[in-house]
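Single-structure report; data block below.
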Amino acid sequence: MSICPARLKLLPALLASLSSSAFAQEPPQPQNPLQVVVVTGSRTEQASFDLPAAIDVVDAARIRDTQPRVNLSEALAAVPGVVVQNRQNYAQDLQISSRGFGARSAFGVRGVRLITDGIPATMPDGQGQAATFNLDMAERIEVLRGPFSALYGNHSGGVVQLFTREGKGAPAIEFGASAGSDGMRKADLNAQGETSGIGYVLDASRFETDGYRAHSAATREQGYAKLTVPTSSDGKVTIVANSLHQRDTQDPLGITWATFQRDPRAGEIDTSDPQSPQRTFAERYDTRKSIDNQQIGLQWQQRFGANRLQLTAYGGNRQVIQYQSFSRGFQAPATHSGGVVDFDRDFHGVDLNWRDVREFAGGTLRTTVGLEYAASKDARQGFENFIGDQFGLRGRLRRDEQNELSSLDPYVQAEWERGQWMLTAGLRRTSLGVEVNDRYLGNGDDSGSVDYSGTAPVLGALYKLTPSLNLYASAARGFETPTLNELFYSSTGPGVNFGLQASRSTHLEAGMKKMFGADTRFDLALFQVRTDDEVVVDAASGGRTSYRNAGETLRRGVELSFDTRFGSGLNARVAANVLRAVYEDGFGSIPAGNRLPGVPRASLYGELGWTATDGKLGAALETIATSKVHPDDANAATPAPGYGIVNLRLQARQEAGQWRFKEFARLNNLFDRDYVGSVIVGDSNRRYYEPAPGRNWVLGVSAQYQFR
């Protein structure tokens, strides 16, 4: 099995700069989940208990110890208010929604900003890919929901920020392997440590699966490198590079409700196929996607006492070739852009900010002022897919254009703390420009441009009623532009949908955070969001989705989380939310009061775990439950039924001299429940449903050698 990615373009220079003895330290012990320090929300180190925002932290133990570390859904299942739907489709990535934002995304992550080690994994228009996160080296994941998300720019639902470990101390090298149901296997090699004051973390992995669903096999290769170089006693430079390579990842597409009832693993039969009436759409068009993604970033920090200057710069390239099932016969209209998407994207950005701390009006004032710039340029083509199923070849050219995005966002955030009070205010101005230069004029000239701009103010207050009880309230105006992919198609005619408007939202939140002794914490948040001109699915077919603006939508809900540690090594966690997400105004044939598609009314995560006193054995039962989900705006199609599943996990660890060993076993969906894991919102052919696996297992082992 090859471990190193085949096209690791950014890492060789970093790898070559390290000596052969440059390996890593023993991973740090997990943080106490009840007492954590975060940077998301305030942009500076602060206890999550003392922030006027709903924010949860997923620690290293939950991310790494009993998981194959393939999908972000493994770690985020225990976060209230966040729904991560694993499509069982590595060609389209996960679907992540926060308080209902992002649930409409046909692929990738929309409406939730992704950041890794301070560097955006989201493009200027708000579209991101969770697959670029490196979970093998993750130290923690911070999940911010609600009003304070507006301070991170063009999105409305939340922020998911991953932090990887830093190389410190004596070198070590670790190899891990896991295998499971449906031909799943993964191998990972990592190293970390410190030499001559320079910290380093290196990782390479390969994941393969035959797939639970028909035509869903995938191979993913990832590489990661991180260097931490001190520039002075109060400054450092961190360089991060990562790569993702997926070749011919199969896309199983959605299925109808009748097919799901007959066989959840089956594909949808294309009865119009004259060559083979039993062949599925996925087989006929050989639907698949190839991805090459490389990115490198640099973050420089210099402290001046309590003050700090920080510069972040990054750049990368993303190449995608996707074969869709959209092209049908040779009678496609001249305006059709083809069933094969081929684009080559270069992207870059910079963020410069200054943090000032001073005494003011008898309290402490912390102010951050910054400017963020991001840009991307796509060379995009489209081809017919009429012969792709037979020969693996592309048909005639049907699209050839250049797409450019650029955004410029100044922002300011201030926190004033005095006694029992903390007051927070922030402001961010987003300006996004979109330009399309059409070079294929056989179907008309689709060239054009559109500019979006909006201001997002945030206010928050926290009152420390007692040392163990905090009350808070916050409010914000959010701003969310359409993504480039949401602009590409219009159901009303040819050309780019430049008439699609940005949505604007008003967020209100109130909550409490309570500690019961040192071992129990309870968080509660109540929220409301009103959105105007929400971007919704207009029509979806064969991988091509068009969008329109709806009227006003309303989201009201409650989120809670409860963590406790008992005696005898027992611990428990509950994370739950209830969300009413509806169209306040009707539009087209959609009446007011209909539920937003893709958004469950309620979801629940529960866990009861045990860890031996010496930490060498552990076990836990997990339960995940969610209510039904409507797949269409009309709420007329059969909703994906609610479900509840139970998972079992076991883990063990041993030490022998300089060796450390770990093993884990997982049995997911213990009672073999058939259920729909995610839905494709608004699919015109009613192929809404993406089934989740039945009972499945994963086994994993790792061995680490610690150098002295």
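No hydrogens, no waters, no symmetry mates; every other heavy atom, side chains included, goes into these values.
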Whether [X] side chain and [Y] backbone form a donor-acceptor pair below 3.5 Å:
| X | Y | value |
| --- | --- | --- |
| S98 | G157 | yes |
| R220 | T249 | no |
| S568 | L570 | no |
| K513 | A53 | yes |
| N470 | L462 | no |
| T122 | L114 | yes |
| N577 | G81 | yes |
| E663 | V701 | no |
| N696 | G694 | yes |
| E142 | V39 | yes |

Margin query: Less than 3.5 Å apart, any donor N or O on the side chain of D125 or N154 sitting next to an acceptor on the other?
Written below: no
Margin query: Within the supplied structure, the quantity of interest is the number of heavy atoms (other residues, nucleotides, ligands) at a distance under 6.0 Å from R477 CZ; does it exceed 12?
Written below: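 Above 12, so yes.
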Note to self: Around atom NZ of K628, are there more than 12 heavy atoms from other residues, nucleotides or ligands closer than 6.0 Å?
What the structure shows: no
Check: Quick one: does NZ or CZ of R145 land under 6.0 Å from the six-membered ring centre of F101, within 45 degrees of the ring axis?
Finding: no
Working to the nearest 0.5 Å, report the span between [atom1] of [X] and [atom2] of [Y].
| X | Y | atom1 | atom2 | answer |
| --- | --- | --- | --- | --- |
| E415 | T424 | CD | OG1 | 4.5 Å |
| D632 | N594 | CG | CG | 8.5 Å |
| R555 | S505 | CZ | OG | 8.0 Å |
| Q46 | S48 | CD | OG | 9.5 Å |
| E480 | S503 | CD | OG | 4.0 Å |
| R87 | S678 | CZ | OG | 5.5 Å |

Checklist line | Member of D117, N242, D203 meeting the side-chain hydrogen bond (donor to acceptor under 3.5 Å, both in side chains) criterion with T164 | finding: D117
Check: side chain to side chain contact (heavy atoms under 4.5 Å, CB included) between Y411 and D351: does it pass, once the steps are laid out?
Finding: CA-CA 10 Å; Y411 59 88; D351 185 346; 2.8 Å; yes
I'd like to check [X] versus [Y] (side-chain heavy atoms, cut-off strictly below 4.5 Å). Are they in contact?
| X | Y | result |
| --- | --- | --- |
| E534 | L596 | yes |
| F664 | V698 | yes |
| N668 | P693 | no |
| F49 | V36 | no |
| T483 | R110 | yes |
| P120 | R113 | yes |
| V109 | L94 | no |
| I115 | T40 | no |

Which residues pass the ring pair (Phe, Tyr, Trp, His ring centres under 6.0 Å) test with [X], sequence neighbours left out?
| X | value |
| --- | --- |
| Y90 | F207 |
| Y583 | F587 |
| F260 | W257 |
| W610 | none |

Using salt bridge (charged side-chain N to carboxylate O under 4.0 Å, His left out) as the criterion, list what pairs up with [X], not counting sequence neighbours.
| X | result |
| --- | --- |
| R265 | D182 |
| E74 | none |
| E552 | R530 |

Checklist line | Worked verdict on R69 versus D136 for salt bridge (charged side-chain N to carboxylate O under 4.0 Å, His left out) | finding: CA-CA 6 Å; R69 304 183 301 278; D136 292 319; 2.6 Å; yes
Margin query: The test is side chain to side chain contact (heavy atoms under 4.5 Å, CB included); show your working for T116 and N134 and say whether it passes.
Written below: CA-CA 9 Å; T116 178; N134 187 295; over 6 Å; no
Checklist line | Option among D59, D523, D56 that satisfies the salt bridge (Lys or Arg N to Asp or Glu O under 4.0 Å) test with R573 | finding: D56
Item checked: Y224: which of V201, N190, T132 passes side chain to side chain contact (heavy atoms under 4.5 Å, CB included) ->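 Testing Y224 for a side chain to side chain contact (heavy atoms under 4.5 Å, CB included) against V201, N190, T132 leaves exactly one candidate, V201.
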Check: Can you name the one residue among L162, I141, L76 that meets side chain to side chain contact (heavy atoms under 4.5 Å, CB included) with I63?
Finding: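 By the side chain to side chain contact (heavy atoms under 4.5 Å, CB included) criterion, I63 pairs with just one of L162, I141, L76: I141.
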Next item on the list: Identify the two heavy atoms, one from A78 and one from A575, that lie closest to each other, and give their separation to 0.1 Å.
Entry: O-CB, 3.4 Å
Any salt bridge linking [X] with [Y]? Criterion: basic side-chain nitrogen under 4.0 Å from a carboxylate oxygen.
| X | Y | result |
| --- | --- | --- |
| R521 | D563 | no |
| D188 | R64 | no |
| E607 | R62 | yes |

Check: Mind checking what makes side chain to side chain contact (heavy atoms under 4.5 Å, CB included) contact with A576, not counting sequence neighbours?
Finding: L560, L604
Notebook entry, point to check: Who pairs with S216 by side chain to side chain contact (heavy atoms under 4.5 Å, CB included), at least two apart in sequence or on another chain?
Noted result: R213, P252
Item checked: Stepwise side chain to side chain contact (heavy atoms under 4.5 Å, CB included) test for E417 and R366 -> CA-CA 8 Å; E417 187 172 6; R366 295 180 288 269; 3.0 Å; yes
Next item on the list: Using the salt bridge (charged side-chain N to carboxylate O under 4.0 Å, His left out) rule, collect all pairs that involve residues 669-679, keeping only residues at least two apart or in two chains.
Entry: none
Checklist line | All pairs passing salt bridge (charged side-chain N to carboxylate O under 4.0 Å, His left out) where residues 92-102 contributes a residue, at least two apart | finding: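 Residue pairs passing salt bridge (charged side-chain N to carboxylate O under 4.0 Å, His left out), neighbours aside: R99-E509, R99-E559.
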Item checked: Pair listing, side-chain hydrogen bond (donor to acceptor under 3.5 Å, both in side chains) test, anchored in residues 615-627, at least two apart -> E622-N647, E622-R649, E622-R666
